[in-house]
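Comments concern the structure below.
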Amino acid sequence: MQLKNLRTPAFLIDLKKLHANTEFMIGKAEEYGVKLRPHVKTHKTFEAAKYQLGDTLTGITVSTLAEAFFYQENGFQDITYAFPITEDKLDDAAQLTRKIKHFHILLDQYDTFDKVQHYGYEHNITFSVYLIIDCGAHRDGVNPTDPRSIKLASALHESKNTDFQGILTHAGQSYHCNTIEEIKRVAEIERHIMVQFAEKLRSSGVECREVSIGSTPTCIHANTWEGITEIRPGNYVFFDKFQADIGSCSLYDCAASVLTRVIGHYPEHNRILIDAGALALSKDQGATHIIDEVVYGFIKNHPELKITKLSQEHGFIDCEDTIKFSNFPIGSFLEIIPNHSCLTAALFPVYHIVDNDQVADVWKPVRGW
Ligand SMILES: Cc1ncc(COP(=O)(O)O)c(C=O)c1O
């Protein structure tokens, strides 16, 4: 199929860019001697996961049970469900534990540990578990300086119904950095906190096999992963305007875009209307801690045009200078690099894979929770 025949809005993936991004992370993990257990939450497809793993089906990280079942059905045998488990999800976690060789869950609450242990005892199952550590993002995870965190790890280690794998963190604070130097510092804090906590566990007699870290900004800029066993970046597959603004990549590296058509000219308001609204781009406002203005993505080849407003299906494009409307005929295409590719991708039922300006393939992501 040719691009010009696509119904818009459409989600495009530039295959060469995706491949370059995935090869970069495979190469960096190899060079630094850590396992790459990529997160698949950004794309949620079988095909992109294989690119992330260099055409293998080794370990991956997922964010939903729907993803876990999808990848299990597609032959993956080693999956970390990297979201705090709760009692309502234990039936599914047990099914996955029985179905594949390695299925790992996460927790950071004593109450959850009790529920997991009780369920394991009642159903004669041992769950493979990671303890989540808060390395400064304050989203989830135990405080690594609190002695109760060692106690929870010991309890996981000692319970017959939990197989304690080790510790896991996500340095989400890297997204709030203003400079690459700051991201490098966060990467070192992420590493240091995890390695120190793992040492504390080992000296308390708790075996800590895995020390797992990873966010795209810190994985791009880390200079050392000494003491780390695995990394779990995800967004780097596509990147996006946010990552370009904070310095994880350039706009050129962004592999995902939204193809949209011009649907209206409004010279009295100096405005162009497009068929990509909030349900095609998401309302993520981007790196507003660095960029003063709120714009909903970057329009390729037209830095002068700004997407300033979105309604459900309409996108509003403004410009500081007077728009030359004849350059943007009704029905002509614009291509937008989204602010946050994970959220934008999640709005599309299929992705169109572009290679040499042709639609080379269509990938279908898994949806739901
Ligand atoms: C637990 C966990 N691991 C890994 C990742 C991947 O990080 P990124 O999206 O920065 O690549 C995320 C992202 O939210 C996450 O929550």
Side-chain angles (χ1 to χ4, degrees), residues 18 21-22 24-26 28-29 34-44 48-49 51-53 59-65 67-68 71 78-86 104-108 129-142 165-177 180 182-184 186-187 189-191 193-194 210-222 225 228-249 253-256 282 284 286-287 338-346 369:
L18 177 144
N21 296 343
T22 53
F24 170 82
M25 203 56 83
I26 290 170
K28 183 160 181 181
V34 294
K35 261 182 298 179
L36 173 61
R37 179 188 284 278
H39 212 310
V40 299
K41 71 194 257 295
T42 301
H43 55 84
K44 305 181 190 237
Y51 275 98
Q52 284 178 292
L53 293 168
I60 51 167
T61 309
V62 302
S63 58
T64 66
L65 286 165
E67 288 164 44
Y71 285 99
D78 186 356
I79 300 175
T80 298
Y81 172 41
F83 190 81
I85 196 79
T86 42
H104 314 290
I105 59 172
L106 272 54
L107 60 81
D108 61 4
V129 185
Y130 280 82
L131 178 65
I132 314 168
I133 307 297
D134 180 1
C135 73
H138 307 322
R139 180 183 71 178
D140 50 13
V142 297
Q165 285 300 316
I167 54 176
L168 178 149
T169 197
H170 174 61
Q173 72 269 40
S174 59
Y175 282 87
H176 306 299
C177 291
I180 290 175
E182 269 182 44
I183 298 176
K184 284 184 192 293
V186 171
I189 288 167
E190 175 189 32
R191 188 195 72 83
I193 286 178
M194 293 296 276
E210 299 292 349
V211 183
S212 176
I213 61 161
S215 71
T216 287
T218 56
C219 285
I220 292 290
H221 291 299
W225 281 321
I228 297 302
T229 64
E230 73 170 23
I231 57 166
R232 308 176 325 278
N235 177 278
Y236 71 99
V237 174
F238 292 162
F239 286 126
D240 49 33
K241 182 174 184 303
F242 196 121
Q243 297 283 4
D245 286 339
I246 63 171
S248 305
C249 64
D253 300 319
C254 296
S282 98
D284 193 298
N339 281 346
H340 187 172
S341 59
C342 312
L343 295 189
T344 302
W369 285 268

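Ligands are counted one by one from 1 in listed order, and the atoms in each one are counted from 1 as well.
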(Q) If you apply the rule side-chain hydrogen bond (donor to acceptor under 3.5 Å, both in side chains), what do you find for Asn235 with Ser341, and how did you get there? (A) CA-CA 8 Å; Asn235 177 278; Ser341 59; 3.3 Å; yes
Q | For Glu210, the option from Gln165, His104, Lys35 that meets side chain to side chain donor-acceptor pair (under 3.5 Å) | A | Lys35
Q. Any salt bridge (charged side-chain N to carboxylate O under 4.0 Å, His left out) pairs touching residues 234-246, not counting sequence neighbours?
A. Lys241-Asp245
Q | side-chain contact (heavy atoms from CB on, under 4.5 Å) partners for Cys249, two or more places apart | A | Phe239, Gln243, Ala244, Asp253, Cys254
Q | Full working for side-chain contact (heavy atoms from CB on, under 4.5 Å) between Val40 and Tyr71 | A | CA-CA 10 Å; Val40 299; Tyr71 285 99; 3.4 Å; yes
Any protein N/O atoms within less than 3.5 Å of an N/O atom in ligand 1? List the atom names and distances, or say none.
residue: ligand 1; atom: 3 (N); partner: Arg232; partner atom: NE; Å: 3.3
residue: ligand 1; atom: 3 (N); partner: Arg232; partner atom: NH2; Å: 2.9
residue: ligand 1; atom: 10 (O); partner: Tyr175; partner atom: OH; Å: 2.5
residue: ligand 1; atom: 10 (O); partner: Thr216; partner atom: N; Å: 2.8
residue: ligand 1; atom: 11 (O); partner: Thr216; partner atom: N; Å: 3.2
residue: ligand 1; atom: 11 (O); partner: Thr216; partner atom: OG1; Å: 2.6
residue: ligand 1; atom: 11 (O); partner: Gly234; partner atom: N; Å: 2.7
residue: ligand 1; atom: 11 (O); partner: Asn235; partner atom: N; Å: 2.9
residue: ligand 1; atom: 16 (O); partner: Arg139; partner atom: NH1; Å: 3.1
residue: ligand 1; atom: 16 (O); partner: Arg139; partner atom: NH2; Å: 2.9

Q. Sequence neighbours excluded, which residues qualify as side-chain contact (heavy atoms from CB on, under 4.5 Å) partners of Ala345?
A. Phe11, Phe238, Tyr351
